[in-house]
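The next block holds one structure in the form of C-alpha cells; read it before the comments.
Basis for what follows: all heavy atoms, side chains included, without hydrogens, waters or symmetry-related copies. Please read all numbers here as calculations on a predicted model, not as lab measurements. Chain naming here is simple, since letters A, B, ... match the order of the sequence lines and numbering starts at 1 in each.
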2 protein chains.
Amino acid sequence: MIDLKDAATFLRLCETANLTRTAALCNVSPSTLSRTLNKLEGILHTKLCLREKKGVFITEAGHKFESFARKALNEYAELEASLNNTVQSISGIVKIYCSVTASYLFIPRLLNELHLIAPNLEIKLETGDPAEALDKLEGEDIDFVISALPNEIPDNIKYVDLVTFPLILISPKKPLFSCETDLNSFDLSEVPFVMPEKGQLRNEVDKFFHSLESPPHIYSEVAGHEAIVSLTALGFGISVVPRLVYDISPFKNDVYVVKELPWSNFRVALCCLKNRAKLRSVKIIHDLALRVAPSFTPDLTRRRTDLSS
Amino acid sequence: MIDLKDAATFLRLCETANLTRTAALCNVSPSTLSRTLNKLEGILHTKLCLREKKGVFITEAGHKFESFARKALNEYAELEASLNNTVQSISGIVKIYCSVTASYLFIPRLLNELHLIAPNLEIKLETGDPAEALDKLEGEDIDFVISALPNEIPDNIKYVDLVTFPLILISPKKPLFSCETDLNSFDLSEVPFVMPEKGQLRNEVDKFFHSLESPPHIYSEVAGHEAIVSLTALGFGISVVPRLVYDISPFKNDVYVVKELPWSNFRVALCCLKNRAKLRSVKIIHDLALRVAPSFTPDLTRRRTDLSS
DNA sequence: TCTTTCATTGCAAAATTTGCAATATAAAAT
DNA sequence: ATTTTATATTGCAAATTTTGCAATGAAAGA
C-alpha cells in the first residue's frame with residue numbers, strides 16, 4: 001500500500017520534473033527515488049511518469065495520482081491540526097541563527113506553526129552573517145542555523161532544504177559608471193567589486209571569477225549579504241548576491257540586475273547537528289520544517305523552469 | 001509518515017476492538033500489530049487507543065484518525081478505480097473451488113470487481129464439498145479455494161480472511177422428535193446425527209462431542225454442507241453446520257436452531273499456494289480480495305459482540 | 001486462588017531499504 | 001563527429017527495519 005511519504009515525494013517530483021533534483025530535495029539518493037517510483041508504479045499497476053533524459057513527464061495516471069496525493073496529504077495536515085498536536089510538555093529554549101533575509105522569509109512561517117504545536121517552547125533568534133552559520137552550529141550553543149549548503153555537506157549535520165535560487169550580479173544605478181552594456185565585453189577586474197568576506201557566497205564568487213580567468217578588483221569586503229546590496233546601491237562597486245536578498249532589499253530600486261550567474265545556485269537549508277537531532281525539541285522543529293518546506297519551493301520551480309528555457 | 005496499510009489496519013481494529021483478533025484478520029502477529037500502533041502513535045504524537053485486557057478503547061484522537069483513515073482509503077479506492085486499472089494484458093484462466101454457499105456469498109462480489117480490473121482474465125468456478133478444498137489446492141490445478149481454515153494452517157498456503165462465524169446445532173421441525181428442551185439435559189448420543197464426512201467441520205463436530213464425552217449416534221455421513229441442512233430438514237437427525245449455511249438454505253424454515261457451539265468459529269478464507277502467489281494473475285486476485293475482504297466482515301463484528309455479551 | 005485471556009517486550013532471524021559505484025543513454029557542446 | 005554533460009537505472013553489500021516466537025506481565029473471570 002501507499003506510504004504517504006512516497007506520495008509527498010511524488011508531488012515534489014511533479015513540481016521539479018527532474019529526478020535527481022527531487023532526490024536532493026528529499027534527502028535521498030537518485031537511486032532510492034528511482035526505486036520509490038518503481039514501487040509506486042508496481043502498487044498501482046500503472047506508469048506514473050516517463051523518465052527521460054530531457055525531463056520527467058507525468059502521465060495521465062500520474063496526474064490522477066498527483067491529485068490523490070495532494071488531497072490525502074491535505075487531509076493528513078488537517079488531521080494533524082485537528083489533533084491539536086500541542087506538546088505542552090515540551091518547554092525550554094531553542095536557538096536559531098540566520099541572516100536577516102532568512103528571518104524575513106522563513107522564520108515567521110516557521111515560528112507561527114511551531115507555536116501551534118509547542119506553545120511552551122521558547123525561541124531565541126539571532127541574526128548575522130550567514131557565512132558564519134555552519135561554524136556557529138558546531139561552536140556555540142546554537143541548535144539550528146539557516147544557511148546555504150556548501151558543496152561538500154559535512155556529514156555531521158542534518159538539514160531540510162528550504163529554497164534554492166540563483167545568484168545575480170548587480171551594479172549601482174548611480175552614475176559611478178554604467179553597466180548596461182554586455183558585461184562579457186569588458187574586463188570585470190577593472191570595475192570595483194564589493195566582495196563577501198567569506199562563506200558559501202564567497203566560494204561561489206571566487207568560482208565565478210576563476211571561470212572568467214580575471215581576478216576581481218576588490219573594493220571592499222563585507223560581512224552580511226544585506227550590506228552588500230546597500231554598498232552596491234551607494235555606488236561602491238558591483239557585486240554578487242543571492243537573488244532573494246536583492247528581491248527583499250530596500251535598496252532594490254537603486255541597483256541593476258546585470259545577469260544571473262550560471263551554475264551558481266544557492267541551496268538554503270535549515271540545519272542542525274546530527275547529534276542533537278534526537279532531542280525532542282530539535283526533532284519537533286526538524287519535522288515541522290520537513291512539512292512546511294515544500295511551501296517555500298514553488299519559487300524554485302518557476303525559476304528552474306525559467307532558467308532552462 | 002503514515003502508511004495507508006497501517007491506516008487500514010487501524011480501521012479494522014476500530015471494528016473489532018480486540019488486538020489479537022485484528023492481528024489474525026490482518027495476517028500479522030499480535031506483537032507486530034502492537035508495534036504498528038506504537039508507531040502510529042509515535043508519528044502522531046498522540047495516544048490513539050487505550051489497550052486494556054477488557055478491550056481496546058479508541059480515544060478521541062483515535063476517532064479523528066479513524067475518520068481520516070476512512071476518508072483517505074476511500075479516496076485511494078477511488079484512485080484505483082479512476083486509474084481504470086484494467087490489466088488488459090493479463091489473460092488466461094484462473095480456477096476457483098468453493099462450496100455452493102461461498103459461491104453465493106463471495107463469488108459475485110469478487111468476480112464483479114475482478115472483471116473491472118482484469119476483463120480478459122477468465123474464471124473457472126467449481127463448487128463442491130468444502131472439506132476437499134485445501135486438498136484440491138495442492139493436488140489439482142486449482143488456483144484458489146474458499147475454505148474454512150484448519151486450526152493448524154499449513155505454511156505453504158497464503159490466505160485472506162473473508163468472514164468468521166459460529167457453528168450452530170440444528171434440529172428438524174418435523175415431528176421426528178422435539179428438541180425444544182435444553183439439549184444439555186438429555187444425551188445427544190441417543191439422537192440420530194447427520195455427520196459431515198470430513199474436513200474442518202468434521203473436526204469441529206468431533207471436538208464438540210469429545211467435550212461432551214458422549215459419542216454421537218451417527219445416522220448418516222454427508223459430503224457438502226448444504227446437504228446437511230437438507231437432510232436435517234427432512235428429519236434424518238440433528239446436525240451442526242456453519243451459521244452462514246443455515247442462513248442461506250432454502251430449508252431454513254424447516255429446522256430449529258438449538259444453540260451456537262461455543263468456541264467453534266469458522267474462519268473462512270480465500271486460499272492459494274504460496275508458490276503460485278507470485279503469478280501475476282494470482283497476485284491480482286489475492287490483492288483484490290485483500291481490498292474487498294473488510295466489506296464482508298462487519299457481520300463478524302456484530303456477531304462477536306453479540307457473543308461476548 | 002487459580003486459570004484464562006490479552007497486550008507488550010527481548011531477541012534473533014528475515015526482509016527490506018539504502019547509497020555507492022558502475023552502466024547506459026540521450027542531449028549538448030566542441 | 002566526437003567529446004562532454006546530465007540524467008536515470010541496476011548490482012551489490014551494508015545498514016536499517018520489520019517480523020514472529022517465546023517469555024513476561026497484568027487484569028478478568030472461575
Side-chain angles (χ1 to χ4, degrees), chain A residues 1-3 5-6 9-10 12-14 16-43 47-59 62 151-153 155 158 164 211 262-265 274 277-278 304-305 307-309, chain B residues 1-3 5-6 9-10 12-14 16-43 47-59 62 152-153 155 158-159 211 262-263 265 274 277-278 304-305 307-309:
Chain A
M1 279 254 232
I2 305 288
D3 186 332
K5 196 204 281 183
D6 293 340
T9 303
F10 187 76
R12 289 204 144 184
L13 180 66
C14 290
T16 64
N18 174 311
L19 199 140
T20 309
R21 233 171 277 156
T22 305
L25 240 35
C26 298
N27 291 337
V28 294
S29 71
S31 66
T32 299
L33 179 54
S34 174
R35 278 186 264 246
T36 299
L37 290 172
N38 287 337
K39 192 176 68 180
L40 285 177
E41 295 183 333
I43 293 173
K47 268 232 147 330
L48 294 178
C49 53
L50 306 174
R51 310 191 267 291
E52 293 162 16
K53 319 296 152 185
K54 196 162 183 180
V56 174
F57 300 101
I58 311 297
T59 65
N151 296 336
E152 297 289 317
I153 300 170
D155 62 353
K158 204 170 172 180
T164 300
S211 75
W263 306 303
S264 301
N265 278 332
K274 270 188 185 165
K278 289 156 204 154
R304 294 271 190 197
T305 320
L307 278 175
S308 70
S309 64
Chain B
M1 279 255 230
I2 306 288
D3 187 334
K5 195 205 279 178
D6 293 339
T9 304
F10 187 75
R12 288 203 145 182
L13 179 66
C14 291
T16 63
N18 175 309
L19 199 140
T20 310
R21 233 171 276 154
T22 305
L25 280 177
C26 298
N27 291 336
V28 295
S29 71
S31 65
T32 299
L33 179 52
S34 174
R35 278 186 264 246
T36 299
L37 289 172
N38 287 337
K39 192 177 66 179
L40 285 177
E41 296 184 331
I43 293 174
K47 269 233 149 331
L48 294 178
C49 53
L50 306 174
R51 312 191 264 292
E52 292 162 16
K53 320 293 151 186
K54 196 162 184 180
V56 174
F57 301 101
I58 311 295
T59 66
E152 298 289 318
I153 300 170
D155 62 354
K158 203 171 173 179
Y159 60 93
S211 74
W263 306 303
N265 278 331
K274 270 186 185 165
K278 289 156 208 156
R304 296 268 189 196
T305 319
L307 278 174
S308 69
S309 64

Here the distance between atom P of dT9(C) and atom CG of L33(B), to the nearest Å, is 13 Å
State whether T20(B) places a side-chain N or O below 4.0 Å from either non-bridging phosphate oxygen (OP1 or OP2) of dT5(C). no
Among dT7(D), dA7(C), dT9(D), the one nearest R51(A) by side-chain distance: dT9(D)
Provide, to the nearest angstrom, the distance between the CG atom belonging to D6(B) and the P atom belonging to dT19(D). 8 Å
Is the backbone of P30(A) close enough, under 3.5 Å, to the side chain of S34(A) for a donor and an acceptor to pair up by distance? no
Looking only at side chains, do T16(B) and T22(B) share a donor and an acceptor under 3.5 Å apart? yes
Please determine whether a side-chain nitrogen or oxygen atom of N18(A) lies at a distance below 4.0 Å from atom OP1 or OP2 of dA8(D). yes
Atom pairs under 3.5 Å, N or O on each side, protein against nucleotides 26-30 of chain D: can you list them with distances?
none

Rounded distance (Å) that lies between atom P of dT7(D) and atom CG of L37(A): 16 Å
Between E41(A) and R51(A), does any side-chain N to carboxylate O distance fall below 4.0 Å? yes
Without decimals, in angstroms, what is the distance between K274(B) NZ and dA14(C) P? 13 Å
Here's a test for you: under side-chain contact (heavy atoms from CB on, under 4.5 Å), which of I58(A), L40(A), L19(A) qualifies with C49(A)? I58(A)
Roughly how many Å is it from CZ in F57(B) to C1' in dA7(C), rounded to a whole number? 14 Å
So CE of M1(A) and CD1 of I43(A): to nearest 0.5 Å the spacing works out to 9.5 Å
Whole-Å distance, N38(A) CG to dG11(D) C1', equals 15 Å
Choose from dC6(C), dT7(D), dA8(D) the nucleotide whose nearest atom is closest to any side-chain atom of R21(A). dT7(D)
d(R21(A) CZ, L25(A) CG) to nearest 0.5 Å is 9.5 Å
Could you run down nucleotides 15-20 of chain C 5' to 3' and tag each one B, S or - for protein heavy-atom contact under 4.0 Å? ---BBB
Does D6(A) offer a backbone N or O that forms a donor-acceptor pair with the side chain of T36(A) under 3.5 Å? no
When rounded to the nearest 0.5 Å, the distance separating CD1 of I2(B) from CZ of F10(B) is 10.0 Å
Atom CG in L13(B), atom CG in L37(B): separation rounded to 0.5 Å? 5.5 Å
